[in-house]
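Below: one structure, written as structure tokens.
In listed order, ligands and their atoms are each counted from 1. These numbers come from the heavy atoms of this one structure, side chains and all, not from hydrogens, waters or symmetry mates. Counting begins at 1 with the first residue of the sequence.
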Amino acid sequence: MTNSSNIYSRIAGTGSYLPEKLLTNADLEHMVDTTDEWIFTRTGIRERHLIADDQVTSDLALHAARNAIESANVALTDIDLIIVATTTPDKIFPSTAVILQNKLGISGCPAFDIQAVCSGFVYALATADNFIKSGAAKCALVIGAEAFSRIVDWTDRGNCILWGDGAGAVILQASQEQGVISTHLHADGNYEKMLHVPRKTTGQDTVVMEGNAVFKIAVNTLDAIVDETLTANGLQKSDIDWLVPHQANIRILQATAKKLDMNMDHVVVTVDKHGNTSAASIPLALDVAVRDGRIQRGDMILMEAFGGGFTWGSALIKY
Ligand code: COA
């Protein structure tokens, strides 16, 4: 959706959090029949962080939220909307967003979760953007947070090597200046069974994935969303300063960069250190590149994601 109002939502601050425990490819060599070389060559992943036994998703979200609130320099009482994108909520209900709200020590503002798996952050950002553009919110806390390791089959070598845990957050504020320029969301439930946790139907509560088929569809779909986003805004590939993609597999990131004729220096890559943290991966990558000074105010950022459902989407942002 492109912006026809004169109110924009703008990223006022970013934050992130990674749990302390590291799981390296060498550790995985002791768990399944694999090698560091296979994992790195096929995925670009070297290590990932895992949530501690006594932590839940809202704990990761809380750390990331506090970082973002501090960097945006807003008061807790300014927050009038909380959206958490997660596939691994603390509980079936209430939502992780409500639990987070309480941990932050605030109450009253709307708080809810969004479930779009790896596309969750883009879905959450688009939702918060629309709240702000319509005047329904002025200062939104938007988070992607996952304890994905809790739904991974640690004996499935074609799958368990991919995932990691973490959280990333942004404060999105109403502004006269351009921020979120357009968002583009899609879903196609025909692909439900290619990437899912089939618990309710079969009792299995870990991820089942046709990795190779998912890979090919992801590359083609992300190609199309890049075209859709550029065309909707009348932009050229060269207008994009930074690609901040969902971090699934370095080969998927490279394919999207190629589509954009973009040097990998302009792609924010964290998959090597974080693995695939699902809904958390984009805000985590954004925070890393903002804090290390690569992304500067005024830069044009393209975010894109693809995940279970299938769901996919993009956001074009002037930082
Ligand atoms: N270590 C060593 N060998 C492995 C392995 C591992 N961890 N996992 C799979 N293999 C083997 C397979 O058994 C297969 O062996 P075979 O040829 O003897 O049958 C071979 O490697 C190739 O398997 P394949 O599944 O075709 O590999 P791939 O190149 O597609 O890589 C993924 C597998 C999972 C890394 C890759 O498909 C992928 O990243 N897919 C996208 C997943 C994704 O991003 N999902 C989330 C979307 S948000």
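- For atom 20 (C) of ligand 1, no protein heavy-atom neighbour is found at a distance under 4.0 Å.
- Between the side chains of Thr86 and Glu146, a donor-acceptor pair is found at a separation under 3.5 Å.
- When the ring pair (Phe, Tyr, Trp, His ring centres under 6.0 Å) test is applied to His186, the partners found at least two apart in sequence or on another chain are Trp312.
- A donor-acceptor pair is defined here as one N or O able to donate and one able to accept, closer than 3.5 Å; such a pair exists between the side chain of Gln115 and the backbone of Val117.
- Atoms of ligand 1 lying under 4.0 Å from at least one heavy atom of Ala248, given by number and element, are 44 (O).
- Ion pairing between Asp36 and Arg46 holds under the 4.0 Å rule for side-chain N and carboxylate O.
- At under 3.5 Å, a nitrogen or oxygen of Asn249, whether backbone or side chain, sits near a nitrogen or oxygen of ligand 1.
- Taking 4.0 Å as the cut-off between side-chain N and carboxylate O, Asp80 and Lys138 do not count as a salt-bridged pair.
- By heavy-atom distance, the residue among Lys216, Arg157, His246, Glu29 lying nearest atom 7 (N) of ligand 1 is Arg157.
- Contact annotation: Asp33 has at least one heavy atom less than 4.0 Å from an atom of ligand 1.
- Protein non-hydrogen atoms do reach within 4.0 Å of atom 5 (C) of ligand 1.
- In terms of protein heavy atoms, atom 40 (N) of ligand 1 is closest to Gly211 O, 2.9 Å.
- Distance remark: protein heavy atom not present below 4.0 angstrom from atom 17 (O) of ligand 1.
- Listed by chain and number, the residues in a side chain to side chain contact (heavy atoms under 4.5 Å, CB included) with Ala97 are Ile82, Val84, Ser95, Ala111, Asp113 (sequence neighbours excluded).
- For atom 45 (N) of ligand 1, the nearest protein heavy atom lies under 4.0 Å away.
- Considering Tyr191, Phe306, Phe310 as possible partners of Thr221, the one that fulfils the side-chain contact (heavy atoms from CB on, under 4.5 Å) test is Phe306.
- Within the 4.0 Å heavy-atom criterion, both parts of Thr34, backbone and side chain, lie near ligand 1.
- Counting atoms of ligand 1 from 1 in the listed order, those under 4.0 Å from a heavy atom of Arg42 are 22 (C), 27 (O), 28 (P), 29 (O).
- Counted within 6.0 Å of NZ on Lys237, heavy atoms from surrounding residues, nucleotides or ligands total more than 12; the atom is thus considered enclosed.
- Comparing Phe306, Phe310, Trp312, Trp38 against atom 48 (S) of ligand 1, the shortest heavy-atom distance belongs to Phe306.
- With rounding to the nearest 0.5 Å, the separation of OG in Ser9 from CD in Glu177 is 12.5 Å.
- Nearest protein heavy-atom contact of atom 34 (C) of ligand 1 is Gly158 O, 3.4 Å.
- Heavy atoms from both the backbone and the side chain of Asn212 come within less than 4.0 Å of ligand 1.
- There is no protein heavy atom closer than 4.0 angstrom to atom 14 (C) of ligand 1.
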